[in-house]
Asks: 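Got a structure for you, questions after.
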Amino acid sequence: MRNVWHELSGLLLPVACAGCGRPRTELCAACGSALLGAPARRVRPSPRPPGLPAVYAAAPYENAVRAVLLAHKERGALGLAGALGRALAGCVRAGTGQSGGVGPLLLVPVPSARSSTAARGHDPVRRIAATAARELRRRGLPAQVLPLLRHRRAVADQSGLGARQRRANLAGALELTAGGRRLVRHGLLRHGGVILVDDLLTTGSTLAEAARAVREACRTAREPLVHGGCRAAVVAASPSAFEINRN
């Protein structure tokens with residue numbers, strides 16, 4: 001019911017830009033340009049957590065981009081998923097090449113805790129990933145969303161934790177779902193086509209843990225890694241991750 005209310009409220013209540021508050025538009029041209037106006041770039045947090053795959057991001061997490069992500073994630077502005085998904089699709093293309101490589105692109109969302117999803121009334125990363133997959137298919141790249149990861153234990157709230165504390169908090173916290181393990185056992189999960197997706201990169205601990213879970217499952221099933229492992233794409237990253245970009 002909450003999702004239905006979000007959709008209806010967007011039609012009945014006055015609309016303002018999520019990035020700057022400009023009236024009568026959900027996302028104005030200027031804020032849309034902040035999100036989508038520059039090519040996706042490879043980003044890297046410092047310190048870089050062990051096992052972090054190559055990550056591409058659309059924009060720094062600041063100002064209008066930060067406001068848009070929070071509006072979608074925390075305030076249920078579901079109409080923003082279109083622009084956020086297009087931004088994520090651009091990052092996937094940047095990380096895989098325009099051709100997408102061999103096989104379909106498998107977008108694997110980083111899972112949210114069940115309590116967070118219930119409190120928000122939606123899964124923001126999975127919603128953005130679905131929009132990104134549609135955009136990639138529209139551009140001729142085979143892509144689908146596979147929610148292969150889940151939490152196998154509870155984790156503490158990450159806010160206020162430093163990089164080392166986040167790594168310790170998340171170590172061993174994720175695993176493949178039963179469906180994901182079946183795909184690996186039958187050789188149907190082309191690891192070279194796996195793109196881990198999230199809305200935001202800060203310390204990189206979450207993506208590093210997600211990559212570990214995928215690698216461990218493939219190693220257990222003796223499924224060889226392709227192209228050295230999975231890759232990752234996010235809508236935004238901390239500004240410092242862009243500043244040390246050496247590519």
Side-chain angles (χ1 to χ4, degrees), residues 3-4 6-7 10-11 15 17-19 25-43 53-61 64-65 68-69 71-73 76-112 122-149 179-180 183 188-201 207 210 214 226-227 230-237:
N3 283 352
V4 173
H6 284 324
E7 299 285 0
L11 297 174
V15 176
C17 174
T25 179
E26 191 166 39
L27 184 65
C28 73
C31 294
S33 179
L35 178 64
L36 296 160
R41 292 169 56 190
R42 187 169 176 180
V43 293
V55 185
Y56 283 79
Y61 184 64
V65 172
V68 169
L69 272 171
H72 174 262
K73 186 174 188 174
L78 304 184
L80 296 170
L84 294 169
R86 289 193 297 275
L88 184 62
C91 299
V92 172
R93 293 197 306 272
T96 61
Q98 295 298 317
S99 65
V102 178
L105 298 174
L106 307 178
L107 307 190
V108 178
V110 170
S112 299
H122 74 124
D123 186 331
V125 175
R126 191 165 175 178
R127 184 180 294 273
I128 295 170
T131 305
R134 287 194 295 270
E135 174 69 11
L136 291 165
R137 291 193 297 268
R138 189 181 69 81
R139 291 176 174 266
L141 297 176
Q144 59 181 304
V145 177
L146 290 181
L148 301 179
L149 294 170
L183 289 176
L188 301 177
L189 183 63
R190 287 188 170 272
H191 196 65
V194 170
I195 314 295
L196 302 170
V197 296
D198 205 351
D199 55 352
L200 175 64
L201 177 139
L207 285 172
V214 174
V226 181
H227 302 312
C230 53
R231 288 152 286 180
V234 298
V235 175

Asks: What are the two closest non-hydrogen atoms of His122 and Gly76, and how far apart are they?
Replies: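 Heavy atoms only, the tightest pair is NE2-CA, 4.4 Å.
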
Asks: Rounded to the nearest 0.5 Å, how far does CG of Leu84 lie from CZ of Arg127?
Replies: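 Between Arg127 CZ and Leu84 CG, I get 11.5 Å after rounding to 0.5 Å.
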
Asks: With sequence neighbours left out, write down each residue that passes side-chain contact (heavy atoms from CB on, under 4.5 Å) with Ala18, or none if nothing qualifies.
Replies: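 Per chain and number, Ala18 pairs via side-chain contact (heavy atoms from CB on, under 4.5 Å) with Val68, Ala71, Leu80.
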
Asks: If we only count heavy atoms from C-beta on, is the Thr96 to Ile195 side-chain gap below 4.5 Å?
Replies: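 Thr96 reaches Ile195 side chain to side chain.
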
Asks: Please check this pair: side chain of His72 against backbone of Gly79, looking for a donor-acceptor N/O pair closer than 3.5 Å.
Replies: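 Checking the backbone N and O of Gly79 against the side chain of His72, no donor-acceptor pair under 3.5 Å is found.
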
Asks: Check the surroundings of atom CZ in Arg137: do more than 12 heavy atoms from other residues, nucleotides or ligands lie under 6.0 Å from it?
Replies: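 Counting other residues, nucleotides and ligands, CZ of Arg137 exceeds 12 neighbours.
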
Asks: Nearest 0.5 Å, please: how far is CG in Leu27 from CG in Leu36?
Replies: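 Between Leu36 CG and Leu27 CG, I get 7.5 Å after rounding to 0.5 Å.
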
Asks: Under the rule for side-chain contact (heavy atoms from CB on, under 4.5 Å), what residues qualify as partners of Ala89, not counting sequence neighbours?
Replies: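 Partners of Ala89 by the side-chain contact (heavy atoms from CB on, under 4.5 Å) criterion, ordered by chain and then number, come out as Arg93, Ala132, Glu135, Leu136.
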
Asks: Pro109 and Leu146: which non-hydrogen atoms are nearest, and at how many Å?
Replies: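 Result for this residue pair: CD-O, 3.5 Å.
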
Asks: If you compare all heavy atoms of Cys31 against all heavy atoms of Ala64, which two are closest, and at what distance to 0.1 Å?
Replies: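 Shortest heavy-atom separation between Cys31 and Ala64 comes out as SG-CB, 3.6 Å.
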
Asks: Could you work out, with side-chain contact (heavy atoms from CB on, under 4.5 Å) as the rule, every residue matching Ala40, not counting sequence neighbours?
Replies: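 Testing Ala40 for side-chain contact (heavy atoms from CB on, under 4.5 Å), a comparison that skips the adjacent residues, returns Cys91, Ala94.
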
Asks: Name the residue from Val234, Val197, Leu88 that meets the side chain to side chain contact (heavy atoms under 4.5 Å, CB included) definition with Ile128.
Replies: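 With Ile128 as partner, side chain to side chain contact (heavy atoms under 4.5 Å, CB included) holds for just one option, Leu88.
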
Asks: Who pairs with Thr131 by side chain to side chain donor-acceptor pair (under 3.5 Å), at least two apart in sequence or on another chain?
Replies: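 Thr131 satisfies side chain to side chain donor-acceptor pair (under 3.5 Å) with Arg134 once adjacent residues are dropped.
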
Asks: State which residues pass side chain to side chain donor-acceptor pair (under 3.5 Å) with Asp199; sequence neighbours excluded, sorted by chain then number.
Replies: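 Scan of Asp199 (side chain to side chain donor-acceptor pair (under 3.5 Å), adjacent residues dropped) gives Lys73.
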
Asks: Mind checking side-chain contact (heavy atoms from CB on, under 4.5 Å) for Ala59 and listing every partner two or more places apart, or none if nothing turns up?
Replies: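 Here the qualifying residues are Val65.
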
Asks: Quickly, which of Leu107, Asp198, Val145 forms a side chain to side chain contact (heavy atoms under 4.5 Å, CB included) with Val125? Name it, please.
Replies: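 Passing option: Asp198.
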
Asks: With a 4.5 Å cut-off on side-chain heavy atoms, are Val235 and Leu35 touching?
Replies: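 They are in side-chain contact.
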
Asks: Decide yes or no on side chain to side chain contact (heavy atoms under 4.5 Å, CB included) for Val15 and Thr25, but give the supporting numbers first.
Replies: CA-CA 6 Å; Val15 176; Thr25 179; 5.6 Å; no

Asks: Are the side chains of Tyr61 and Leu69 in contact, using a 4.5 Å heavy-atom criterion?
Replies: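 With C-beta onward as the side chain, the pair touches.
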
Asks: Please check: side-chain N/O of Ser33 versus main-chain N/O of Ala29, any donor-acceptor pairing under 3.5 Å?
Replies: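 Between the backbone of Ala29 and the side chain of Ser33 there is no qualifying donor-acceptor contact (under 3.5 Å).
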
